[in-house]
Number of protein chains: 2
Amino acid sequence: MNQLERLIRSLSRLPGVGRKSAARIAHYLLKADSAFVTRLAEEIGTLKERIHPCPVCGNFTEDELCSVCSDPRRDGTQICVVEEPQDVATIESTGEYNGLFHVLGGAINPMNGVGPSDLSIDKLVKRASEGTVKEIIIATNPTVEGDTTALYLQNILKERPIEVSRLASGLPVGGDLEYADKLTLARSFRGRTKL
Amino acid sequence: MNQLERLIRSLSRLPGVGRKSAARIAHYLLKADSAFVTRLAEEIGTLKERIHPCPVCGNFTEDELCSVCSDPRRDGTQICVVEEPQDVATIESTGEYNGLFHVLGGAINPMNGVGPSDLSIDKLVKRASEGTVKEIIIATNPTVEGDTTALYLQNILKERPIEVSRLASGLPVGGDLEYADKLTLARSFRGRTKL
């Protein structure tokens, strides 16, 4: 197997990249300017040594603490709980939230053998017990696993003087009733807001 | 800008990879096993030094000649003319063709300033004049640029005792008349075959 074929195989392991896209990317790289290709290789090669999880919240960072945990302007009374580090970036991009984060590292999924002890839940409970936190916003995915995890967290946190909330689930903005699936529609009924 | 953000920006320059896919790939790499990530970085980094155009046909190769030109079982009387090196791989994957190739390096496109002299046409004419070649199959894309290039080649080659043909254009197999665009449908009429 030659170098080009090897690269195409590696690239097709990436999420969202099939065999055809991989071939297209490989040929693009062959034509692209060398400086860009070298930089890309360097960025991929050094990614894992430079980036590590933030010891407080589990978000990715190059520094000792992540950019959210080390920012004194963030509201330390709120913690938004997410499944994965990329969820932090997604929520940050809305500009809607100014509190802290906590990355669980996944969701409870008995089928795949992921139980509560595999997630960063103890650490969350410890952070919640330190007295500063007033609200925990659960932002796990609106899936069976995310719902299970939310329920588990709600149970574990209910003894404490902390408000626990969950992101609203319902119709996507700009969406169309006709194309909404039944579950989403049912949830948007249950969570309807008074006008 | 941090390392993760830099990688995401570089990845989103790749064809077919938008900002969201780039973020998804970057986070996948952060979680992927180190051996794979190191290998991918190495494969990208050494791509351009290891792979170069075949001096005969212009296809990509790691060796002196490409795998087609160096294969004695290939039929030297046919040359299939394509725009880009990836077209060679696409045609090879059909298993339909056993002749040689010639990569033009693009198509005539006056709007983008690409004229005949920017393409590897002189080399093709030289190969065609060596006496072995009996048929030249033009497999440029069925676009305005590909058609222009095919016409140009046809004119340049018509004085020689060589058959010049072009890949059939028409309805894609498994397609539906209803969804065919007018131009494709018109071409499939003109190129209809007797049963």
Side-chain angles (χ1 to χ4, degrees), chain A residues 1-53 59-63 66-67 84-90 93 105-106, chain B residues 1-53 59-63 66-67 84-90 93 105-106:
Chain A
M1 191 161 58
N2 65 34
Q3 163 93 359
L4 190 59
E5 181 57 30
R6 274 197 303 272
L7 175 62
I8 292 174
R9 289 216 181 170
S10 297
L11 287 172
S12 43
R13 277 183 57 183
L14 300 178
V17 180
R19 164 93 207 170
K20 283 207 172 178
S21 320
R24 213 167 133 221
I25 292 173
H27 282 100
Y28 172 87
L29 290 174
L30 273 167
K31 284 190 143 191
D33 74 288
S34 295
F36 167 68
V37 179
T38 312
R39 198 175 70 229
L40 178 65
E42 200 262 348
E43 283 164 357
I44 292 175
T46 59
L47 189 67
K48 275 170 170 285
E49 31 187 278
R50 289 213 197 139
I51 295 182
H52 57 90
N59 185 15
F60 285 130
T61 179
E62 277 178 75
D63 308 309
C66 79
S67 57
E84 302 290 347
Q86 55 263 50
D87 299 330
V88 173
T90 308
S93 70
Chain B
M1 192 161 58
N2 66 35
Q3 164 92 359
L4 190 60
E5 181 56 29
R6 273 196 303 272
L7 175 62
I8 292 173
R9 291 217 180 168
S10 296
L11 288 171
S12 41
R13 279 184 55 182
L14 301 177
V17 179
R19 164 91 209 173
K20 282 206 172 178
S21 322
R24 211 166 133 223
I25 292 173
H27 282 102
Y28 172 86
L29 290 173
L30 274 166
K31 283 189 145 191
D33 74 289
S34 294
F36 167 68
V37 178
T38 312
R39 199 176 68 229
L40 177 64
E42 201 264 346
E43 283 164 357
I44 293 175
T46 59
L47 188 65
K48 275 171 169 285
E49 34 188 275
R50 290 213 198 139
I51 295 181
H52 56 90
N59 185 15
F60 285 129
T61 179
E62 277 178 76
D63 307 310
C66 80
S67 56
E84 301 291 346
Q86 55 265 48
D87 299 329
V88 173
T90 308
S93 71

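Heavy atoms only: backbone and side chains are in, while hydrogens, waters and symmetry mates are out. On a predicted model such as this, the values are computed, not experimentally measured, just so you know.
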S.K.: Measure distances from A:Ala26 to the heavy atoms of chain B and classify the residue's part below 4.5 Å as side chain, backbone, both or neither.
M.R.: backbone
S.K.: Between B:Glu42, B:Lys48, B:Lys31, B:Arg24, which shows the greatest number of heavy-atom pairs under 4.5 Å with chain A?
M.R.: B:Lys48
S.K.: For the CG atom of A:Leu7 and the CD1 atom of B:Ile51, what is their distance to the nearest 0.5 Å?
M.R.: 8.0 Å
S.K.: With distance as the sole test, does A:Glu43 use its side chain to make a donor-acceptor pair with the main-chain N or O of B:Ser10 at under 3.5 Å?
M.R.: no
S.K.: Can you measure from OH (A:Tyr28) to CZ (B:Arg13) and round to the nearest 0.5 angstrom?
M.R.: 4.5 Å
S.K.: Name the region of A:Thr38, side chain, backbone, both or neither, that has any atom closer than 4.5 Å to a heavy atom of chain B.
M.R.: neither
S.K.: In Å and rounded to the nearest 0.5 Å, what is the CZ to CD1 distance from B:Phe36 to A:Ile44?
M.R.: 8.5 Å
S.K.: Write down the atom of B:Leu4, the atom of A:Glu62, and the distance for their closest heavy-atom approach.
M.R.: N-OE2, 4.4 Å
S.K.: Between B:Glu84 and chain A, with a heavy-atom cut-off of 4.5 Å, which part of the residue counts as in contact: side chain, backbone, both or neither?
M.R.: side chain
S.K.: Sort B:Arg50 into side chain, backbone, both or neither according to what part of it lies under 4.5 angstrom from a heavy atom of chain A.
M.R.: side chain
S.K.: Top residue by heavy-atom pair count (under 4.5 Å) with chain B, among A:Gly45, A:Ala89, A:Ser34?
M.R.: A:Ser34
S.K.: Tell me, for B:Thr46 versus chain A, whether the close heavy atoms (under 4.5 Å) come from the side chain, the backbone, both or neither.
M.R.: both
S.K.: Could you state the interatomic distance from CG (A:Leu47) to CZ (B:Arg6), rounded to the nearest 0.5 Å?
M.R.: 10.5 Å
S.K.: Within the side chain of B:His52, is there an N or O that forms a donor-acceptor pair under 3.5 Å with the backbone of B:Asp63?
M.R.: yes
S.K.: For each of A:Thr61, A:Leu30, A:Val17, A:Ile25, tally heavy-atom pairs with chain B at distances under 4.5 Å, and name the one with the top tally.
M.R.: A:Leu30
S.K.: Under a 4.5 Å heavy-atom cut-off, does chain B meet the side chain of A:Arg39, its backbone, both or neither?
M.R.: side chain
S.K.: In terms of heavy-atom proximity below 4.5 Å to chain A, should B:Lys20 be classed as side chain, backbone, both, or neither?
M.R.: neither
